[in-house]
Amino acid sequence: MAKQKPRTLSGFMELLPQRQVQFDRMVELLRRSYSLYGFTPLDTPVIEASEVLLAKAGGETEKQIYRFLKGDTDLSLRFDLTVPLAKYVALHYGDLAFPFRRFQIGKVYRGERAQRGRFREFYQADIDIIGDGKLDIVNEAEIPSIIYQTFTSLGLKRFQIRVNNRKILNGFYAMLGLTEKSGDIMRTVDKLEKIGPEKVAALLTGEDIGITAEQADEILKFIAIQGDNDQVLTALEGYRGRHELFDQGLDELTCVVKYLSAFGVPQTHFAVDLTIARGLDYYTGTVYETTMLDHPEIGSICSGGRYDNLAEYYTDKQLPGVGISIGLTRLFFVLEDQGYLNEEMVTAPADVLILPMTEDLAPAISFATQLRQAGVRAQLYTEQKKFKQKMTYADKIGVPYVAFLGDDEISQNAVSVKDMTTGQQETLSVDQAVDTIANDLAERVAGIDPIQEPEH
């Protein structure tokens with residue numbers, strides 16, 4: 001029989017056990033952070049009817065969809081978590097309480113070209129707050145505090161949440177008589193960090209957009225307004241009174257800034273940045289991007305914003321919302337690449353490897369049961385291997401403790417425990433061994449997050 005060469009498809013990620021434990025721990029911390037803010041977990045099908053999933057799609061999105069026929073049914077894999085949320089809210093509108101606050105962590109699929117740090121199958125972690133008819137601006141101030149809480153719970157310290165408001169931008173472009181071209185302008189300005197102001201100006205004045213050099217200069221001058229948050233807001237006040245939409249956006253941005261400190265976000269981690277536009281058309285108000293200060297080349301690790309009508313393709317009801325998305329798979333890959341993953345974290349599949357040294361396995365099984373009842377993960381090793389091979393196995397899986405039960409230990413109702421980190425070994429009563437291991441583990445894992453700031 002011909003053997004198939006094992007391979008993983010390009011753009012799909014598989015992790016070795018230690019990294020999978022770290023990834024799952026990251027997901028667990030995200031779930032905990034989101035739950036602290038009163039978000040309910042949600043899961044939606046990975047596969048949807050194409051007509052439902054692609055109601056709003058077009059252009060590049062539709063080209064990247066994994067779409068297939070099963071019998072006479074046209075199906076597609078979800079490409080994000082927002083469209084399924086829109087369908088879900090429209091479908092279950094009568095059963096939900098609004099504002100509806102949900103978080104979802106799940107895989108999405110995009111058939112784009114796979115490259116370093118970019119995947120075709122990847123996890124997204126989304127939170128959204130959906131209103132019925134209206135949604136208060138305070139929700140837009142709460143979102144950055146959730147971003148802050150989430151990343152600090154992961155162990156990250158040097159990151160910054162950058163915030164802007166699309167109404168300010170649209171109002172400013174209206175002052176220049178560029179309302180019809182505002183979408184194209186924002187998508188171009190969104191490339192500023194990647195290509196620089198000269199190339200942005202060239203694109204703005206080029207054939208496709210075609211604004212004047214004076215208008216391009218005005219735009220670049222406006223988005224270059226910098227300083228601390230109060231200085232930026234003061235500078236923006238100088239434009240007040242020239243357009244109603246601009247004034248509305250400035251009021252909203254001022255309100256978001258006001259409430260951020262009350263939500264516990266320090267000034268060091270938050271900045272008003274007029275270059276933030278977000279390329280997607282459906283954002284209508286506040287927009288967010290989060291970057292790592294020591295690695296600006298990574299780009300945004302968490303982004304999102306306010307949209308006025310989540311489910312317009314499924315219902316006539318007005319369902320405004322605000323949300324953010326973290327590309328977890330890409331973030332994890334980048335953190336690994338930059339040395340942020342904490343190698344001190346216990347990633348072994350068990351806390352204790354039990355090595356029975358007698359034919360009668362009952363005492364070892366009983367000890368394993370006692371450990372598990374105390375919340376300690378225990379694995380029995382019953383393979384007929386040499387002692388050296390058993391210890392090699394313990395080293396390879398990174399288990400913190402190995403427990404030996406021979407005739408001497410069994411006769412004394414005891415167990416010999418070896419700490420694999422220090423190499424120390426002692427014989428303890430069974431009850432003592434359970435308590436000692438449980439307490440040592442609690443101390444060892446306390447405060448050790450899957451992600452840490454590396455030394456630079």
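Heavy atoms of other residues, nucleotides or ligands lying less than 6.0 angstrom from CG of Leu16 number 12 at most. No more than 12 heavy atoms of other residues, nucleotides or ligands sit less than 6.0 Å from atom OH of Tyr259. The local environment of CD in Glu244 is sparse, with at most 12 non-hydrogen atoms from other residues, nucleotides or ligands closer than 6.0 Å.
Relative ring orientation between Phe119 and Phe333 is described as perpendicular, the plane-to-plane angle rising above 60° on a 0-90° scale split at 30° and 60°. In this structure, Phe100 and Tyr88 have parallel ring planes: the angle between them is below the 30° cut-off, well short of the 60° mark. Using the six-membered ring where Trp is involved, His295 and Tyr340 have ring planes that are perpendicular, over 60° apart on the 30 and 60° scheme.
A donor-acceptor contact shorter than 3.5 Å links the side chain of Gln22 to the backbone of Asn342. Of the possible donor and acceptor atoms, none in the side chain of Thr291 sits under 3.5 Å from a partner among the backbone N and O of Leu293. Of the possible polar contacts, none joining the Asp126 side chain to the Gln104 backbone as a donor-acceptor pair under 3.5 Å is found. Panel note: side chain Tyr314, backbone Val52; a donor-acceptor pair is recorded below 3.5 Å. Within the 3.5 Å criterion, the main-chain N or O of Ile209 finds a donor-acceptor partner in the side chain of Lys181. For Arg78 (side chain) and Val108 (main-chain N/O), no donor-acceptor pair under 3.5 Å exists by modelled atom type. A donor-acceptor pair under 3.5 Å is formed between the side chain of Ser50 and the backbone N or O of Leu75. Side chain of Gln215 to main chain of Thr212: a donor-acceptor pair is present (N/O by atom type, distance under 3.5 Å, no hydrogens or angles). Not a single donor-acceptor pair under 3.5 Å links the side chain of Thr315 to the backbone N or O of Ala311. Without hydrogens or angle criteria, Ser303 side chain to Ser300 main chain gives no donor-acceptor distance under 3.5 Å.
Aromatic pair Phe12/Phe122: ring centres not closer than 6.0 Å. In this structure, Phe39 has its ring center at least 6.0 angstrom away from the ring center of Phe103. Between Tyr123 and Phe23, the ring center distance clears the sub-6.0 Å criterion.
With values rounded to the nearest 0.5 angstrom, Arg67 atom CZ is found 5.0 Å from Leu54 atom CG. Rounded to the nearest 0.5 angstrom, Ile161 CD1 and Phe159 CZ are separated by 5.5 Å. The CD atom of Glu218 lies 13.0 Å from the CG atom of Leu204; values are rounded to the nearest 0.5 Å. In this structure, CD1 on Ile127 lies 8.0 Å from CD on Glu142, to the nearest 0.5 angstrom.
Of the residues listed (Ile130, Asn139, Asp128), the one engaging Arg101 in a side chain to side chain contact (heavy atoms under 4.5 Å, CB included) is Asn139, and it is the only one.
With 3.5 Å as the limit, one finds a donor-acceptor pair spanning the side chains of Asp24 and Gln20. With no hydrogens or angles considered, a side-chain donor-acceptor pair links Tyr93 and Asp132 at under 3.5 Å. Side-chain contact check for Tyr393 and Gln379: at least one donor-acceptor pair (N or O, by modelled atom type) lies under 3.5 Å. No hydrogens or angles considered: nothing links the side chains of His269 and Gln160 as a donor-acceptor pair under 3.5 Å. Side chains of Thr234 and Gln231: a donor-acceptor N/O pair is absent below 3.5 angstrom, by distance only. Inspection of the Glu140 and Thr286 side chains reveals an N or O donor paired with an N or O acceptor under 3.5 Å. Inspection of the Thr8 and Glu14 side chains reveals an N or O donor paired with an N or O acceptor under 3.5 Å. Under the 3.5 Å distance criterion, with hydrogens and angles disregarded, a donor-acceptor pair is assigned to the side chains of Gln267 and Asn229.
Ion pairing of Arg19 with Glu336 is present here, as a side-chain N (NZ or NE/NH1/NH2) and a carboxylate O approach within less than 4.0 Å. Ion pair Arg31/Glu28 not flagged as a salt bridge, since none of the NZ, NE, NH1 or NH2 atoms sits closer than 4.0 Å to an Asp/Glu carboxylate oxygen. Ion pair Asp308/Arg306 flagged as a salt bridge, since at least one NZ, NE, NH1 or NH2 atom sits closer than 4.0 Å to an Asp/Glu carboxylate oxygen.
Closest heavy-atom contact between Ala174 and His243: CB-NE2, 3.4 Å.
Side-chain contact between Val163 and Ile276 is absent, with no heavy-atom pair separated by less than 4.5 Å.
With sequence neighbours excluded, the residues forming a salt bridge (Lys or Arg N to Asp or Glu O under 4.0 Å) with Asp251 are Arg240, listed by chain and number.
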